[in-house]
Chemist: 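What follows is a structure written as structure tokens; I'll ask about it next.
Atoms within each ligand, like the ligands themselves, are counted from 1 in listed order. Only this structure's heavy atoms are used, side chains among them; waters, hydrogens and symmetry mates stay out.
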Amino acid sequence: MPRKRLIAGNWKMHGSVEGSRALVAELTGSNPSVDAQMLICPPAPYLAAARDWVSGSHILLGGQNLSEHVGTGAYTGEHSGAMLEDLGCSHVIVGHSERRSYYHETDALVAAKFIAAQAAGLVPILCVGETLAEREAAATQAVVARQVGAVLDAAGVGAFASAVIAYEPVWAIGTGKTATPAQAQEVHASIRAMLVERDATIAASLLILYGGSMKPANAGELLAMEDIDGGLIGGASLDAAQFLDIFRAAAG
Ligand code: 13P
């Protein structure tokens, strides 16, 4: 069965209520696709409003982060997976490289968040990727294998039946440098191969997104690769015209 592509926008810490409303209005006016899904991940404070803005449209809503704690509790400043689900989110990003580097999220914490997301009925988008130094040290495969392996060990391969992986080379994020289609495909294929070893059926249906300076100009050639099933888009997701161009590239 062909994998239905996913184009996801990670807005990071950008926008305002009015600006976000206008951006979503442009996206909801777009045509849905039978071949691709569209997801937006606004900042958490805008999710409640965004639920109304996307209501009745083809656009899915996701969070950018969640607490590893399930249920409620005294965790000032945090929000749970259940709260995201309550706000109409279907997905949540976990282990983004900005969380790993600026907020010191370890592989173990990322795995706990992945499990907490699924406990709340959300599809986690697990981000993995190497730094420039790691790529130059030929450690890309080892880093990605470690990051995926930590979640596989903690959650089990069955958990990947309702999860997404995003390969985001850190050196390509927000830099204008994109992995070449061949570089990205090589890593995507290695991730899928890791999963194949444990469960071939789950591996075949797993969506593996590429993220890192994906733009309308390079989306087509990246998405043409066998194991690139969509994109996790930062900068270009803040511009409706660019995001829609990428979506159309994915929708074929
Ligand atoms: P850019 O598309 O701005 O490089 O960001 C990618 C990213 O980090 C998405 O999560």
Chemist: Below 4.0 angstrom, N of the basic side chain to O of the carboxylate: do D107 and R100 qualify?
Modeler: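 Judged by the 4.0 Å cut-off on N to carboxylate O distance, D107 and R100 do form a salt bridge.
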Chemist: Which of the atoms in ligand 1, numbered in the order shown and given with their element, are less than 4.0 Å from a heavy-atom of G212?
Modeler: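 What qualifies from ligand 1 is 4 (O), 6 (C).
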Chemist: Counting from 1, what ligand 1 atoms have a heavy atom of E168 closer than 4.0 Å?
Modeler: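 Per the distance check, 6 (C), 7 (C), 8 (O), 9 (C), 10 (O).
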Chemist: Considering only heavy atoms of G174, which atoms of ligand 1 have at least one such atom less than 4.0 Å away?
Modeler: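 Going through ligand 1 atom by atom, the ones under 4.0 Å from G174 are 1 (P), 3 (O), 4 (O).
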Chemist: Checking E168 against S97 for the side-chain hydrogen bond (donor to acceptor under 3.5 Å, both in side chains) test, could you report, in this order, the C-alpha distance in whole Å, the side-chain angles of both residues, the deciding distance, and whether it holds?
Modeler: CA-CA 8 Å; E168 298 207 309; S97 65; 5.1 Å; no
Chemist: So is there a nitrogen or oxygen of G234 less than 3.5 Å from a nitrogen or oxygen in ligand 1?
Modeler: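 Yes, at least one N or O pair falls under 3.5 Å.
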Chemist: Heavy-atom contacts with G235 under 4.0 Å: which atoms of ligand 1 show up? List them by number with element.
Modeler: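 Listed by number with element: 1 (P), 2 (O), 3 (O).
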Chemist: Kindly assign one of parallel, tilted or perpendicular to the pair H188 and Y167, based on the angle between their ring planes and the thresholds 30° and 60°.
Modeler: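 The arrangement is perpendicular - the two ring planes meet at more than 60°.
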Chemist: Run the numbers for me: atoms of ligand 1, each under 4.0 Å from some heavy atom of S213, listed by number.
Modeler: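 The atoms of ligand 1 under 4.0 Å from a heavy atom of S213 are 1 (P), 2 (O), 4 (O).
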Chemist: Find all atoms of ligand 1 within a distance of less than 4.0 Å from any non-hydrogen atom belonging to A172, and give their numbers and elements.
Modeler: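 Matching atoms, with element in brackets: 4 (O).
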Chemist: With a 4.0 Å cut-off, would you call D35 and R3 a salt bridge?
Modeler: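 R3 and D35: not salt-bridged.
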Chemist: Is there a side-chain contact between I125 and L39 (heavy atoms, below 4.5 Å)?
Modeler: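 A side-chain contact under 4.5 Å exists here.
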Chemist: Can you pull the salt bridge (Lys or Arg N to Asp or Glu O under 4.0 Å) pairs that have at least one residue in residues 5-27, sequence neighbours excluded?
Modeler: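 Residue pairs with at least one partner in residues 5-27: K12-E98, E18-R21.
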Chemist: Contact between ligand 1 and K12 is defined here as a heavy atom of the residue under 4.0 Å from a ligand atom; is it met?
Modeler: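 Contact present.
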Chemist: Say you draw a straight line from CD of Q64 to SG of C127; how long is it, rounded to the nearest 0.5 Å?
Modeler: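 Interatomic distance, Q64 CD to C127 SG, rounded to 0.5 Å: 10.5 Å.
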Chemist: Where's the contact between L232 and ligand 1, heavy-atom distance under 4.0 Å: side chain, backbone, both or neither?
Modeler: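 For L232, the contact with ligand 1 is made by both the backbone and the side chain.
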Chemist: Is there a polar contact, in the sense of an N or O pair closer than 3.5 Å, between E98 and ligand 1?
Modeler: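 For ligand 1, there is no N or O atom that lies under 3.5 Å from one belonging to E98.
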